[in-house]
Amino acid sequence: LYNINMPIPNAFATGRNENHAVVAITSGILKLLNEKELRGVLAHELSHIKNKDILISSIAATLAGAISYLAQMAYFAGIFAGGSRDDSQNNGNAFGTLALFILAPIIATLLHLAISRSREYIADETGAHISKDPLALAEALKKLHGFSRAYPLIAKPKYEATAHLFIVNPFKPSFLMSLFSTHPPVEERVKRLEAIKIPH
């Protein structure tokens, strides 16, 4: 468990399994949340480790990159491949190859984002059962989201790429990043947490 000297309240987990993992919280989160809410956040982050979400996300990102790379290879192979086929066939193949070149990376990215969002919902649910207090995590998410909207970090898109690591996005999202968010809406996460019933 690490404490990052940073006034922005947030937390994240990283590591491929339980034996190689880290949970980090910022000094700002200690000032914003009460003990129960902080317990909920830590349970959420431990859930990412327990469910091997960092490994799953890494594999999904690698596969998305591989699909994009293969689409580029197919596109350039189509451009440089000559042949004796007539022009209508070549035009049809060129159009199909161009469509593959454009659509494959988009589809791969959307699949990666869908996996990331589903893992957040699962981590919320698992964390709620670990802490036995889903409402504490829901309140923590509301506070963290409110703070990040009131005092967002302004950063270049390359830094915004780290937003998926945090429990809530600390950056003021650019238009592009808001379209391709790795986190589901906080309102939906809170709604799902509030619906969880923990047996006593």
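Keep in mind that this is a model prediction, so the values were computed, not measured.
A cation-pi arrangement is found for Arg192 relative to Tyr121, the charged atom lying closer than 6.0 Å to the ring centre and inside a 45° cone about the ring normal.
The NZ atom of Lys52 sits 12.5 Å away from the OG atom of Ser47 when rounded to the nearest 0.5 Å. From Ile196, atom CD1 reaches atom CG of Leu135 across 9.0 Å, with rounding to the nearest 0.5 Å. With rounding to the nearest 0.5 angstrom, the CD1 atom of Ile49 is 10.5 Å from the NE2 atom of His44. Interatomic distance, CD of Glu139 versus CG of Leu33, reported as 10.5 Å (0.5 Å rounding). Interatomic distance, Ile167 CD1 to Arg189 CZ, rounded to the nearest 0.5 Å: 5.5 Å. One finds the CZ atom of Arg39 at 13.0 Å from the CD1 atom of Ile130 (value rounded to the nearest 0.5 Å).
Heavy-atom contacts from other residues, nucleotides or ligands closer than 6.0 Å to CD of Glu18 number more than 12. Counted within 6.0 Å of NZ on Lys143, heavy atoms from surrounding residues, nucleotides or ligands total more than 12; the atom is thus considered enclosed.
Taking hydrophobic clusters as Ile, Leu, Val, Met, Phe, Trp and Tyr residues chained together by side-chain heavy-atom distances below 4.5 Å, Leu32 shares a cluster with Tyr151. The hydrophobic cluster containing Tyr2 does not contain Leu144, counting ILVMFWY residues as joined when their side-chain heavy atoms lie under 4.5 angstrom apart, directly or transitively. Val22 is not connected to Phe12 by any chain of hydrophobic side-chain contacts under 4.5 Å among Ile, Leu, Val, Met, Phe, Trp and Tyr, and they are in different clusters. The cluster map of Ile, Leu, Val, Met, Phe, Trp and Tyr, joined by side-chain heavy atoms under 4.5 Å apart, puts Leu46 and Ile54 in different clusters.
Between the side chain of Ser27 and the backbone N or O of Met6, at least one donor-acceptor pair lies under 3.5 Å. A distance-only check finds a donor-acceptor pair linking the side chain of His183 to the backbone of Phe166 [under 3.5 Å]. The closest donor-acceptor contact from the side chain of Asp133 to the backbone of Lys36 lies at 3.5 Å or more, if one exists at all. Side chain of Thr26 to backbone of Ile4: no donor-acceptor contact under 3.5 angstrom is found. Counting only distance, with no hydrogens or angles, the side chain of Glu37 and the backbone of Asn34 share a donor-acceptor pair below 3.5 Å.
Nearest heavy-atom pair across Asn10 and Pro170 is ND2-CB, 3.6 Å. The heavy-atom pair separating Val41 from Ala11 by the smallest distance is CG1-CB, 3.7 Å.
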Residue pair Val23, Thr14: steps toward the side chain to side chain contact (heavy atoms under 4.5 Å, CB included) verdict: CA-CA 7 Å; Val23 172; Thr14 187; over 6 Å; no
CA sep, side-chain torsions, deciding dist, call: Thr126, Asn51, side chain to side chain contact (heavy atoms under 4.5 Å, CB included): CA-CA 9 Å; Thr126 306; Asn51 298 332; 3.3 Å; yes
Worked check of side chain to side chain contact (heavy atoms under 4.5 Å, CB included) between Val168 and Leu141: CA-CA 7 Å; Val168 296; Leu141 287 174; 4.1 Å; yes
Side chain to side chain contact (heavy atoms under 4.5 Å, CB included) between Leu42 and Leu1, worked out: CA-CA 10 Å; Leu42 290 173; Leu1 180 64; 4.0 Å; yes
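The pair Lys142-Glu194 meets the salt-bridge criterion, since a charged nitrogen lies less than 4.0 angstrom from a carboxylate oxygen.
With sequence neighbours excluded, no residue forms a salt bridge (Lys or Arg N to Asp or Glu O under 4.0 Å) with Lys191.
Phe147 is listed as a side-chain neighbour of Ile8, based on a closest heavy-atom distance under 4.5 Å.
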